[in-house]
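Let me begin by presenting the structure, written as structure tokens, before commenting on it.
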Amino acid sequence: AQSVTQPDIHITVSEGASLELRCNYSYGATPYLFWYVQSPGQGLQLLLKYFSGDTLVQGIKGFEAEFKRSQSSFNLRKPSVHWSDAAEYFCAVGEGGYSTLTFGKGTMLLVSP
Amino acid sequence: NAGVTQTPKFQVLKTGQSMTLQCAQDMNHEYMSWYRQDPGMGLRLIHYSVGAGITDQGEVPNGYNVSRSTTEDFPLRLLSAAPSQTSVYFCASSYSNWDSPLHFGNGTRLTVT
């Protein structure tokens, strides 16, 4: 069964600094990979997704992620964090024909002034 | 365009009571699902549906029932509430392909005493 690991429960970044959130997955074939963001009291919103092709994908709000098959990773990055980026971020994996997503446990991003 | 609407936003139940969490979407999405979110656990899939009349179990289905009589509605029933079901519940919908993002409702916060 597929699984998703987000090793960092909390990360604190200074405003203006760069950000990298880690995601590792366990799956045999080429997975469908996603990053979602959840603001307090809200549902989740899709940031970006990877299916195939270029391993560096761009998303909304200035985020990007890189798929590295050799490392089974799909890390999320942003060059300069804004205070409004404080939220919880979830990596998710899908497999095969359309079905369910498996979510990681999330990483809470705190942005310090 | 309302998207995914969940009601109620908050609910307190006593152990043993039953209730139904409502979910409706107006995007003509085939796929609908219910997740529960608990601190440190991420989102875990309870039940999902790929179309009217078709439902299936997710990772944590025990204690919950679902039905899908229409494309628009996907209610989640708690048969006999237990304190372990205290959680935030999210309904999500999408078209049945990986290119279609999941659209989430704003959640129902349920407390069982």
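Reckoned from all heavy atoms, side chains included, excluding hydrogens, waters and symmetry mates.
For the residue pair A/S72/A/N24, the side-chain donor-acceptor check at 3.5 Å is not satisfied.
Of the two parts of A/L44, the backbone and the side chain both hold a non-hydrogen atom closer than 4.5 Å to a non-hydrogen atom of chain B. For a residue to count as touching a neighbouring chain, one of its non-hydrogen atoms must lie under 4.5 Å from one of that chain's; by this rule B/Q37 touches chain A with the side chain only. Proximity to chain A involves both the backbone and the side chain of B/L43, based on heavy atoms less than 4.5 angstrom apart. Only the side chain of A/Q38 comes within contact range of chain B, judged by heavy atoms closer than 4.5 Å.
A/Y89 contributes no side-chain N or O that, together with a main-chain N or O of A/L76, makes up a donor-acceptor pair within less than 3.5 Å.
For the set A/Q42, A/E88, A/Q45, A/M108, the entry with the most heavy-atom pairs within less than 4.5 Å of chain B is A/Q42.
Under the 30°/60° scheme for interplanar angles, the aromatic rings of A/Y50 and A/F74 are found to be tilted. Classified by interplanar angle (parallel below 30°, tilted 30° to 60°, perpendicular above 60°), the ring pair A/Y25/A/F67 is parallel. Between B/H29 and B/H103, the ring planes lie tilted relative to each other; the angle falls in the 30° to 60° range.
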